[in-house]
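Okay, structure first, notes after.
Quick note: numbers below take in every heavy atom, side chains included, and nothing from hydrogens, waters or symmetry partners.
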Amino acid sequence: MRSPTLPLKLAVLLALALTPSRAGAQRRPPRPTIPPPTIIEYQPRSTLVVPEHSVPRAKFPAVDFHGHPPFLGSPDVVREVVAAMDRLNLQVMVQANPSSGDRLRQQIEAVRAAGYADRFVFFASLDLRDVGPGSGARIAAQLEADVKAGAVGIGEIMKSFGLSIRKADGTRLQLDDPELDVVWETAGRLGIPAFVHTADPAEFFEPLDYHNERWLEMALFESRRYFDRNRFPSFDELMAERDRMIAKHPNTTWVVAHMSWYANDLGRLGALFDRFPNVYTEVGAILYDLGRQPRNARAFFEKYSDRILFGKDSFQPDEYPYYWRVFETADEYFDYYRDYHAFWKLYGMDLPDEVLRKVYYGNALRIIPRMPTAGFPPG
Ligand SMILES: [Zn+2]
């Protein structure tokens, strides 16, 4: 009788040949036997039960360095914004929306008329369109006039600077264009910070494939795709231009917006701080990166507590408490407010009071000239 072992051996060999290698198996997850949901449809409810602490108000009065309130052109709007600020314990908001000349003066007057001159400070925008010979002197003169009218900083310089703004000759305006040197020197002489938003999350400059952490956001918003190298510089190119701009102006105070989009690589931000003692940052719109590395982020905040300012970016009063909760509590595994920024959960950093005080108000009081001091703890 023929042994059955030959077909069995063949079957084993065949199975081995068809079995993916260990590494291959990790890359290719098992296929479910029922149709899987899309990433939009899959909304699992966490079963984790742990202590929760809601933080509707900041523990200390805060300055929102990256404020985008509505146009503060009438006392009614001012009063509405102040009411929201009071609920959150926001003591002072920087108006970082572009404003210069008459639009700047109109807001400063409305805030005074409403009796809230100690709750807002104003930054001046720069007209960077069609830069050519002589533009630098013109922009610097407007900046001096705006500072005389009451502005105490430059900004927010939007990401279009570097990404898309063209010069008069049609070429892209690079951040380190020498024509603008006189503007940054003027800021240094006037002692006002320059608040600059450069690029966007590095993933936006990478191909839109299934390994991209921001796939959903890029799929939702076509305008956030910068991977076409014929149209946009790379992330690293923009950062190199920005660093050359900073290097030329050591007497100017720079605030790089959004933690320079290095919040997912804090070592890189630390290297920027170490290289340039005149560089600061704010935390607008990158909470999802801090909240997924609470211990590393806490150590970073403790080390660089003199260089980090609170800033929120878009003015959605119900979103501020997410920041207070990440900074002030040790809560675990809680939701962020936008699933297209982050599909993961957040953890609290449990920052010590002395770090919170610097980040919430101390550093802003130090680097913004003529800051109102009413409402802040003494010292
Ligand atoms: Zn902004």
Side-chain angles (χ1 to χ4, degrees), residues 37-46 48 52 54-55 58 64-69 88 96 156 158-160 163 196-227 232 235 238-239 256-266 268-269 281-298 300-301 308-329 331-349 351 359:
T38 67
I39 63 169
I40 303 291
E41 292 162 337
Y42 190 54
Q43 303 281 338
R45 273 190 295 269
S46 169
L48 183 70
E52 295 178 25
S54 74
V55 190
D64 184 353
F65 190 89
H66 193 156
H68 287 307
L88 297 163
E156 175 186 7
M158 299 293 185
K159 63 187 165 191
S160 52
L163 264 179
V196 186
H197 172 169
T198 305
D200 248 352
E203 301 93 307
F204 291 1
F205 295 78
E206 299 299 322
L208 177 55
D209 63 26
Y210 288 1
H211 300 291
N212 194 312
E213 266 190 332
R214 299 295 272 266
W215 185 91
L216 181 57
E217 181 165 4
M218 290 165 77
L220 286 169
F221 305 102
E222 196 176 343
S223 64
R224 297 183 192 179
R225 301 174 201 162
Y226 306 124
F227 49 73
F232 300 107
F235 181 81
L238 286 167
M239 291 304 159
V256 296
H258 306 292
M259 283 191 129
S260 186
W261 303 114
Y262 293 163
N264 58 347
D265 183 1
L266 290 172
R268 192 171 177 183
L269 183 56
T281 196
E282 57 80 35
V283 298
I286 48 84
L287 191 69
Y288 52 86
D289 267 335
L290 301 176
R292 65 168 160 171
Q293 48 167 339
R295 288 175 291 272
N296 191 46
R298 176 184 162 128
F300 185 85
F301 271 61
I308 304 167
L309 302 112
F310 172 72
K312 166 64 180 66
D313 198 356
S314 76
F315 182 64
Q316 304 282 345
D318 55 335
E319 291 176 353
Y320 285 78
Y322 289 84
Y323 287 73
W324 314 147
R325 190 177 181 194
V326 167
F327 293 146
E328 297 177 23
T329 79
D331 282 3
E332 296 180 293
Y333 200 74
F334 53 93
D335 283 324
Y336 181 59
Y337 53 86
R338 277 185 205 155
D339 54 4
Y340 58 79
H341 278 180
F343 49 85
W344 53 82
K345 305 277 186 178
L346 305 187
Y347 301 79
M349 292 162 62
L351 289 174
V359 171

Salt bridge present between [X] and [Y] (N-O < 4.0 angstrom):
X: Arg214; Y: Glu206; value: no
X: Asp331; Y: Arg325; value: yes
X: Lys312; Y: Asp64; value: no

Less than 4.5 Å apart, side chain to side chain, heavy atoms only: is that true for [X] and [Y]?
X: Phe315; Y: Tyr320; result: yes
X: Phe300; Y: Ile308; result: yes
X: Tyr262; Y: Thr281; result: no
X: Leu290; Y: Phe327; result: yes
X: Leu287; Y: Glu319; result: no
X: Leu238; Y: Leu163; result: yes
X: Arg338; Y: Glu217; result: no

Does [X] reach the main-chain N or O of [Y] with its side chain, forming a donor-acceptor pair under 3.5 Å?
X: Trp261; Y: Ile286; result: no
X: Trp344; Y: Tyr288; result: yes
X: Ser314; Y: Gln316; result: no
X: Asn212; Y: Glu203; result: yes

Reported [atom1]-to-[atom2] distance for the pair [X] and [Y], which is rounded to 0.5 angstrom:
X: Asp313; Y: Glu282; atom1: CG; atom2: CD; answer: 7.0 Å
X: Met218; Y: Arg225; atom1: CE; atom2: CZ; answer: 7.0 Å
X: Met158; Y: Thr198; atom1: CE; atom2: OG1; answer: 12.5 Å

task: Answer yes or no: are there more than 12 heavy-atom neighbours, outside Tyr333 itself, under 6.0 Å from its atom OH?
output: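 No, because the 6.0 Å sphere around OH of Tyr333 holds 12 heavy atoms or fewer from other groups.
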query: Do other residues, nucleotides or ligands put more than 12 heavy atoms under 6.0 Å from the CD atom of Glu41?
result: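 Yes, enclosed.
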task: Applying salt bridge (Lys or Arg N to Asp or Glu O under 4.0 Å), name anything that partners Arg292, two or more places apart in sequence or on another chain.
output: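 Here the qualifying residues are Glu213, Asp289.
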For Tyr322, all residues meeting side-chain hydrogen bond (donor to acceptor under 3.5 Å, both in side chains), sequence neighbours excluded: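 Expected list: none.
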- prompt: Angle class for the Tyr226/Phe205 ring planes (parallel below 30°, perpendicular above 60°, tilted otherwise)?
  reply: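 Answer is tilted, since the angle falls between 30° and 60°.
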